[in-house]
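Every chain is numbered from 1, with letters handed out A, B, ... down the list of sequences. As the structure is a computational prediction, the values presented were derived from the model and not from experiment.
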Amino acid sequence: MRKITKMAQILSEQEQIRRDSLKELISLGVNPYPADTFDVDVTTKEILENYPEKNTYPQVNIAGRIMSRRIMGAASFVELQDATGRIQLYFKRDDICPDDDKTMYNVVFKRLLDFGDIIGVKGFVFVTQMGETTIHVTEFKLLSKSLKPLPVVKEKDDKVYDAFTDPDQRYRQRYVDLIVNPHVKDAFLKRTKMVNSIREYLNIKGYLEVETPVLQPLYGGAAARPFKTHHNALDITLYLRIANELYLKRLIVGGYDGVYEFSKDFRNEGMDRFHNPEFTQIELYVAYKDYEWMMNLVEEMIEKAAIDIHGTTLLKVGENEIDFKRPWKRYTMFGAIEHFTGIDISAMNEQELVEVAQKLSVKIDPSMGKGKLIDEIFGEKCEPNLIQPTFITDYPVEMSPLAKKHRTKEGLVERFEAICNGKELCNAFSELNDPIDQRKRFEDQLELGKRGDEESMILDEDFLRSLEYGMPPTAGLGIGIDRLAMIMTNSNSIQDVLFFPQMRPEKVQEMPTSADFVAIGVPEIWAEHLMKAGFTNPEDFKNAKSTQIHQTLNGYRKKNKLDIPALLLEDVEGWIKKT
RNA sequence: GAUUCAGUAGCUCAGUAGGUAGAGCAACGGCCUUUUAAGCCGUGGGUCCUGGGUUCGAGUCCCAGCUGGAUCACCA
């Protein structure tokens, strides 16, 4: 891992050179960070798409980052990257500097600009002898000097060399990742397109996008462990929401026909390539509907999202081709288990289920009840095999304390999940609106909590009170937006669809400053060089032999051609004595 | 939490048997004076993740730790 150094910064050679260039630019009267706007009137994408058929671009203003430079004496080629892509620039000395003073080209452009700097240029578009659409620059302006060298990613004939791939650096410095990895930028564009598509779909249907509390005195709506925080003025514990379900249902009680929220939820659990402590779900509740109706909505909405993003329902995800075209396959949970194991468990009791689980070598433990056993068998034997989007319906009641009991099947609830690429995509049910039944289900959860289940749900009196006023029959849905984005962008990890995935904080390495060395008796003229010469700790320096310090420092002086008199051994002994 | 792999120059990586730390790109200087060039020649650049240990000698072997990845476990 790269360490951040605090206080004193030890700069690499290249960083030092860029800082020197920065000073020289200022001394030449070039402001490296100008304040005024630079009016851009075209993007690289527009030029590359429209030239020369729709527009010959006799005059353009464009800005971006220098991604490569090829200098050939009085002429140069530069690759400029803006938000939409890259285009080549052609610089010619006598066009940049029509007068005798060639400083702008020879010094500012050739020597003081770097890979990574942000510039604005004025020019006209033409095609080189090599057939590449290029901007012939007539004026340029430095807009921001880059002091840190970017990773150098080379590309030739669509092959990428030395790609910037280290996940640690990519996630910690996402800005760098976005600059040098265009496919990363594209994945996030797709994610936003997907969200926009879903929002558009729901808005057209007339459902209301709402906002509900993130800070909640009681956390509910899912089985998960929360993050806990404290509100000072009220002097109470608050939790970051694990779901927004119970608030949205209160709004249905309040009389809205359909409400939805893109909800940032927080769960204090393990992290892996499918889990980040904060993640996004969309939850939707529609009055007077049931789960059958909701299944049709999900199909239609996700199919539309796929088309809006890719122009097709068919997409490649890892090794698989996934088709979101309606209708999706539907199984009941029992049906799916029978399909994949050949065993009909629909009428089995707990003991029989244990035997089936053992026979299928599904790991179980004695605390598992009937519902949990079925869930385990399904999770082990069915879920990983469901690659194409598939609905699984009718779950055991024990697993679903907020879902309505099945209208005909004893012991089940009206619930479905969509599974895709072996993972849950969404979860939905006919919402439980019987307040007495709901209270009993909460009480059952409390029992589980007393037995040590840290994820059991908490009884929410206010939510129950709202149900007592009467909630219409309602269909509810939750979709994991990050998981869906993984599929839609063919990403293997949730970290690839979150701009800033949670990471352990970078270590800050305390570095001494030259003042720390002055404090123990080293003259200022030498103190600034000590760290670079290898003495990174004043304590170690004090304990080092004076002969060794003497030799090391004189060696350093010679190597770096310092303009300081050579040290005598007595000088060094003098410093140490002072301490 | 367990197992496992990785961490070496600004970036991507090599480093044999434990014996003076390497390459390509990037940087710097020069060539080239020009609608092309990942061009040619030269130069500089290192806390080999950190701390211990073994050894005459450690990037390399051993122990501990840090960070990340993968797999598993847990978990809607």
Side-chain angles (χ1 to χ4, degrees), chain A residues 1-3 5 10-18 20-21 68-79 88-95 102 105-106 110-111 114-116 126-132 134 136 146-157 159-172 176 180 221-225 242-243 265 267-275 277 279 281 363 375 379 383 395 399-400 417 419 423-427 453-455 478 480 483 492-493 495 501 503-507 509 511 531-537 559-560:
Chain A
M1 188 186 80
R2 299 296 179 277
K3 290 197 178 96
T5 55
I10 294 186
L11 298 175
S12 70
E13 182 194 32
Q14 294 191 37
E15 287 175 294
Q16 192 54 56
I17 287 166
R18 286 178 181 227
D20 292 344
S21 297
S68 79
R69 301 196 304 157
R70 295 187 294 279
I71 295 177
M72 301 166 288
S76 308
F77 291 93
V78 165
E79 240 187 317
Q88 180 169 269
L89 308 180
Y90 173 67
F91 283 72
K92 195 170 175 182
R93 185 182 59 204
D94 296 339
D95 290 341
K102 305 298 183 190
Y105 181 82
N106 283 342
K110 264 171 71 173
R111 195 155 56 77
D114 285 293
F115 171 45
F126 75 106
V127 177
T128 65
Q129 288 176 355
M130 301 299 288
E132 186 164 352
T134 301
H136 187 125
S146 163
L147 296 180
K148 266 194 179 307
L150 288 165
V152 183
V153 179
K154 294 182 297 294
E155 212 177 316
K156 178 73 177 174
D157 301 331
K159 274 176 106 177
V160 177
Y161 301 89
D162 297 348
F164 180 65
T165 54
D166 178 18
D168 190 34
Q169 291 193 73
R170 283 186 48 226
Y171 302 146
R172 287 186 196 279
V176 175
V180 303
R225 285 150 70 184
I242 57 173
D265 294 342
R267 297 187 183 174
N268 205 343
E269 290 164 352
M271 292 162 59
D272 58 36
R273 71 191 184 92
F274 291 104
H275 298 84
F279 64 102
Q281 282 200 97
K363 275 182 224 152
D375 194 55
E383 203 171 48
Y395 283 64
M399 310 297 300
S400 318
E417 290 190 358
I419 314 285
K423 277 275 164 188
E424 171 196 340
L425 255 197
C426 75
N427 185 17
D453 184 347
E454 286 178 320
E455 296 180 343
R483 300 263 180 95
N492 193 41
S493 163
Q495 297 172 114
M503 303 286 277
R504 212 176 277 275
E506 277 180 275
K507 279 266 164 54
Q509 192 180 23
M511 294 297 289
M531 280 179 296
K532 282 189 179 175
F535 296 102
T536 52
N537 182 336
K559 192 171 162 192
N560 291 284

If I take atom OH in residue Y105(A) and atom P in nucleotide U34(B), what distance separates them, rounded to the nearest angstrom? 11 Å
Taking the six-membered ring of F274(A), is NZ or CZ of K423(A) closer than 6.0 Å to its centre and within 45° of its axis? yes
Counting only Watson-Crick pairs (N1-N3 plus N6-O4 or O6-N4) and G-U wobbles (N1-O2, O6-N3), all under 3.5 Å, who is the partner of U60(B)? none
Options G10(B), C28(B), G68(B), nucleotide nearest the side-chain atoms of P149(A): G10(B)
Considering only C75(B), G45(B), U12(B), which nucleotide approaches the side chain of H275(A) most closely? C75(B)
Answer with yes or no whether R70(A) presents, from its side chain, a donor or acceptor under 3.5 Å of a partner atom in the base of U36(B). yes
Could you tell me if N106(A) and R111(A) have a donor-acceptor pair between their side chains, going purely by distance under 3.5 Å? no
Could you tell me how far A23(B) sits from A9(B) if I compare only their P atoms? Round to whole Å. 14 Å
List the residues meeting side-chain contact (heavy atoms from CB on, under 4.5 Å) with M503(A), not counting sequence neighbours, and say none if there are none. D168(A), Y171(A), R172(A), Q495(A)
Closest nucleotide among G68(B), U35(B), G45(B) to the M503(A) side chain: G68(B)
Closest to side chain of I17(A), choosing from G68(B), C28(B), U12(B): C28(B)
Quick one: look up who G46(B) pairs with, Watson-Crick or G-U, both distances under 3.5 Å, and put none if it's unpaired. none
Establish, with yes or no, whether the OP1 or OP2 oxygen of A70(B) is under 4.0 angstrom from a side-chain nitrogen or oxygen of R273(A). no
Sticking with atom C1', work out how far C74(B) lies from U3(B), rounded to a whole angstrom. 15 Å
R504(A) vs C66(B): side-chain N/O to OP1/OP2 distance below 4.0 Å: no
Per atom distances to the P167(A) side chain, the nearest of U33(B), G69(B), A27(B) is G69(B)
Out of U34(B), C11(B), G10(B), minimum distance to the side chain of S12(A) belongs to G10(B)
Taking the side chain of D272(A) as heavy atoms from C-beta outward, which of G69(B), C75(B), C74(B) is closest to it? C74(B)
Determine the contact category for R111(A): base if any of its heavy atoms lies under 4.0 Å from a base atom, sugar-phosphate if only primed atoms, P, OP1 or OP2 are that close, otherwise nothing. sugar-phosphate
Candidate nucleotides U12(B), U33(B), U67(B), ranked by approach to the side chain of D166(A) - the nearest: U12(B)
Considering only heavy atoms and no angle criterion, is a donor-acceptor pair shorter than 3.5 Å present between the side chain of Q129(A) and the base of U36(B)? no
What class does the angle between the rings of F77(A) and Y90(A) fall in, given that below 30° is parallel, 30 to 60° is tilted and above 60° is perpendicular? tilted
Between A26(B), C11(B), U33(B), which nucleotide gets closest to the side-chain atoms of Q169(A)? C11(B)
Would you kindly give the CZ-to-C1' distance between F115(A) and A38(B), to the nearest whole Å? 13 Å
Do Q88(A) and R70(A) pair up side chain to side chain, a donor and an acceptor below 3.5 Å, judged on atom types alone? yes
Taking A17(B) as the reference, what is the distance to G24(B) when you measure between their C1' atoms (whole Å, please)? 27 Å
Phosphate OP1/OP2 of G45(B) contacted by Q14(A) side-chain N/O (<4.0 Å): no
Can you check the distance between U54(B) and C63(B), where both ends of the measurement are the P atom (answer in whole Å)? 15 Å
Closest listed nucleotide, where the reference is the side chain of F126(A) and the choices are U35(B), C11(B), U36(B): U35(B)
Let's test this: given Watson-Crick or G-U wobble pairing with both distances under 3.5 Å, identify the partner of C11(B). G24(B)
Who passes side-chain contact (heavy atoms from CB on, under 4.5 Å) against V127(A), sequence neighbours left out? Y51(A), T133(A)
Could you state the NZ-P distance from K110(A) to G29(B), rounded to the nearest angstrom? 10 Å
Paired to U16(B) by Watson-Crick or G-U wobble criteria (both distances under 3.5 Å) is none
Applying the Watson-Crick and G-U wobble criteria at under 3.5 Å, what pairs with C72(B)? Answer none if nothing qualifies. G1(B)
Say we look at U12(B) and A38(B): how far apart would their C1' atoms be, to the nearest angstrom? 14 Å
